[in-house]
Amino acid sequence: MVIIQDENLKNEETHLFINNSFRDGSLRTSGIDIDALLPPVSRFSSAGAGRAEKKKKSYRKTWRILR
């Protein structure tokens with residue numbers, strides 16, 4: 001999937017998340033589901049500051065797949 005490469009997401013977790021979203025008919029926005037897709041980033045480094053933005057961007061791209 002292009003989203004996995006573009007956003008450097010975890011392959012297996014992303015496939016599971018998208019398959020579950022199709023199965024459930026919805027995209028979970030709460031909890032740790034989408035956090036599990038993101039690569040590990042220290043929350044204390046400068047890269048950690050972009051984690052929230054990366055999470056939003058990944059969510060938007062995933063939503064486009066499900067529409």
Side-chain angles (χ1 to χ4, degrees):
M1 282 188 177
V2 175
I3 186 175
I4 294 171
Q5 296 167 347
D6 288 352
E7 297 302 319
N8 192 30
L9 301 177
K10 296 177 185 173
N11 187 33
E12 189 173 323
E13 289 86 345
T14 303
H15 282 280
L16 181 63
F17 179 77
I18 291 173
N19 287 337
N20 288 346
S21 296
F22 273 117
R23 180 196 67 209
D24 298 341
S26 65
L27 185 64
R28 289 183 183 248
T29 59
S30 62
I32 61 169
D33 292 343
I34 201 139
D35 285 327
L37 313 178
L38 302 176
V41 174
S42 171
R43 295 174 199 266
F44 303 107
S45 71
S46 60
R51 185 173 179 83
E53 185 58 36
K54 184 164 188 72
K55 188 174 178 178
K56 287 179 192 176
K57 190 175 177 183
S58 298
Y59 172 79
R60 280 186 242 129
K61 285 186 175 187
T62 305
W63 179 249
R64 286 187 206 128
I65 292 170
L66 295 174
R67 288 194 299 165

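For clarity, every value in this text was computed on a predicted model and none was experimentally measured.
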Is the shortest heavy-atom distance from the side chain of Leu38 to the side chain of Asp35 under 4.5 Å?
-> yes

Look up atom CG in Leu27 and atom CZ in Arg64, then write down how far apart they are to the nearest 0.5 Å.
-> 12.5 Å

Kindly give the heavy-atom pair with the smallest separation between Phe17 and Asp33, and that separation in Å.
-> CE1-CB, 3.6 Å

Ser58 and Leu9 have their tightest heavy-atom pair at OG-CD2, 3.7 Å

Is Glu7 salt-bridged to Lys56, cutoff N-O under 4.0 Å?
-> no

Heavy-atom nearest pair, Pro39 first then Lys54, reads CD-CE, 4.0 Å

Could you pull out the closest heavy-atom pair between Lys10 and Pro40, with the gap in Å?
-> CE-CD, 4.2 Å

Distance col, row Leu16:CG vs Asn11:CG, nearest 0.5 angstrom, shows 11.0 Å

Could you walk me through whether His15 and Ile4 pass side chain to side chain contact (heavy atoms under 4.5 Å, CB included), step by step?
-> CA-CA 9 Å; His15 282 280; Ile4 294 171; 3.6 Å; yes

same_hphob_cluster(Ile65, Trp63) at 4.5 Å side-chain heavy-atom cutoff = yes

What's the spacing between Thr14 OG1 and Ile3 CD1 if we round to 0.5 Å?
-> 7.0 Å

